[in-house]
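Just below is one structure, and these are the notes that go with it.
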There are 2 protein chains.
Amino acid sequence: MREDPLYKNRKVITIGVVSELTGLSERQIRYYEERKLIFPERTERGNRKYSFSDVERLIDIANKRDEGVRTYEIRQEMLKNKKKEDAKIRNQMLRGQINARFGIQKGKN
Amino acid sequence: MREDPLYKNRKVITIGVVSELTGLSERQIRYYEERKLIFPERTERGNRKYSFSDVERLIDIANKRDEGVRTYEIRQEMLKNKKKEDAKIRNQMLRGQINARFGIQKGKN
DNA sequence: CGTGTAAGGAATTCTGACACG
DNA sequence: CGTGTAAGGAATTCTGACACG
């Protein structure tokens with residue numbers, strides 16, 4: 001009964017279904033890709049495929065747009081968050097290296 | 001970072017992608033539906049939509065078929081398992097009722 | 001900038017049927 | 001029984017463009 005976290009990120013949903021799921025027009029969804037807010041995969045002949053994560057992100061985008069936020073600003077925000085994420089990961093990896101060399105210290109918990 | 005268990009059961013994948021994911025032909029996938037082994041939903045105009053659960057079930061079916069098991073037998077087996085599941089759920093509900101009336105007893109844990 | 005729309009073509013999906021076995 | 005295939009039509013998706021603002 002465990003859930004496979006991978007499902008959320010598998011790119012399997014076609015644009016028509018994404019449109020139903022998000023309430024956005026296909027035009028809007030394609031435009032947000034053009035503005036680099038979303039990155040679908042493609043089938044062999046070029047049909048876009050999205051993940052549930054993408055659907056969630058699109059809903060976020062739709063909300064921001066409703067508040068008047070521009071696509072450019074949304075992109076800036078995304079990049080900023082990505083930097084934070086990357087920094088966090090680097091930090092964890094560094095910690096891992098230290099532990100590997102100097103031994104595991106039980107953290108709080 | 002929690003996973004939403006609902007993703008696994010959301011019917012959002014079109015038959016073409018399911019075919020890629022399972023390695024089964026669309027003909028086979030439709031036939032297994034005809035034999036009541038799988039139950040996709042439909043879009044407004046009738047296009048089939050499958051869940052990740054459906055994909056897993058199809059892979060199971062494919063394996064059984066490879067071993068020579070007939071669709072009828074696969075269906076019988078599924079029905080038997082479903083009965084077991086239902087019995088288990090009835091059992092849990094009954095237990096819930098008892099607890100509700102006579103108080104909660106901490107189980108082993 | 002963000003989105004609608006008409007345009008034309010290519011790929012997708014659907015159903016019912018014939019085929020083989 | 002289980003699956004392939006050709007058939008014809010309807011719906012889907014794609015791209016590039018014009019429109020409005």
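In what follows, chains are A, B, ... by sequence order, proteins preceding strands, each numbered from 1.
- Judged by Watson-Crick or G-U wobble contacts below 3.5 Å, the nucleotide D:dG16 has no partner.
- Rounded to whole Å, the distance from CD on A:E26 to C1' on C:dG2 is 17 Å.
- Atom OH of A:Y31 is separated from atom C1' of D:dC20 by 14 Å (rounded to the nearest Å).
- Comparing A:N47 and A:T71 by the nucleotide of DNA chain C that holds the closest heavy atom to each, the one mapping nearer the 5' end is A:T71.
- Close to D:dT13, at under 4.0 Å from its OP1 or OP2, lies a side-chain N or O of A:T14.
- Rounding to whole angstrom units, CD of residue B:E44 and P of D:dA10 are separated by 18 Å.
- Rounding to whole angstrom units, CD of residue B:E34 and P of D:dG4 are separated by 14 Å.
- Minimum atom distance to the side chain of B:R70 is reached by D:dG2, of the listed D:dG4, C:dT3, D:dG2.
- With C:dT3, C:dT13, D:dG2 as the candidates, the nucleotide lying closest to the side chain of A:Y32 is C:dT3.
- A:S25 has a side-chain polar atom (N or O) that falls below the 4.0 Å cut-off from OP1 or OP2 of C:dG4.
- Contact check for A:Y72 versus A:R75: no side-chain heavy atoms found under the 4.5 Å cut-off.
- Side chain of B:Q28, nearest nucleotide from D:dT15, D:dG4, C:dG2: D:dG4.
- Using a 4.0 Å heavy-atom cutoff across all strands shown, A:T43 reaches no nucleic acid atom at all.
- Whole-Å rounding puts the B:I15 CD1 to C:dA11 C1' distance at 15 Å.
- Atom CD of B:E41 is separated from atom C1' of C:dT13 by 17 Å (rounded to the nearest Å).
- Distance from the side chain of A:R45 is smallest to C:dT12 among C:dT12, D:dC14, C:dT13.
- Residue contacts for B:R27: at a heavy-atom cut-off of 4.0 Å it reaches a base atom on one of the strands shown.
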Evaluate B:M78 against B:K82 for side chain to side chain contact (heavy atoms under 4.5 Å, CB included), listing each step before the verdict.
CA-CA 6 Å; B:M78 278 176 40; B:K82 179 156 179 23; over 6 Å; no
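- Tested against B:R65, the residues B:L24, B:D60, B:T71 include a single side-chain contact (heavy atoms from CB on, under 4.5 Å) partner, B:T71.
- Remark: P of D:dC14 and NZ of A:K49 are 12 Å apart, rounded to the nearest angstrom.
- Side-chain proximity of A:R30 to the nucleotides C:dC14, D:dG4, D:dT13 is greatest for D:dT13.
- Checking B:R65 against A:G16, the closest nucleotide of DNA chain D that is more toward the 5' end is the one next to B:R65.
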Please assess B:V12 against B:S51 for the test side chain to side chain contact (heavy atoms under 4.5 Å, CB included), listing each intermediate value before the final yes or no.
CA-CA 6 Å; B:V12 297; B:S51 67; over 6 Å; no
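- Side-chain contact of B:Y31 with B:R27: a donor-acceptor pair under 3.5 Å is absent, judged by distance alone.
- Here D:dG4 presents its C1' atom at 14 Å from CG of B:L24, a figure rounded to the nearest Å.
- Between D:dT15, D:dT3, C:dT12, one nucleotide has an atom nearer to the side chain of A:R48 than all others, and that is D:dT15.
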Are B:E73 and B:K64 close enough, and set up right, to give a side chain to side chain contact (heavy atoms under 4.5 Å, CB included), and what steps lead you there?
CA-CA 10 Å; B:E73 300 169 319; B:K64 298 244 176 70; over 6 Å; no
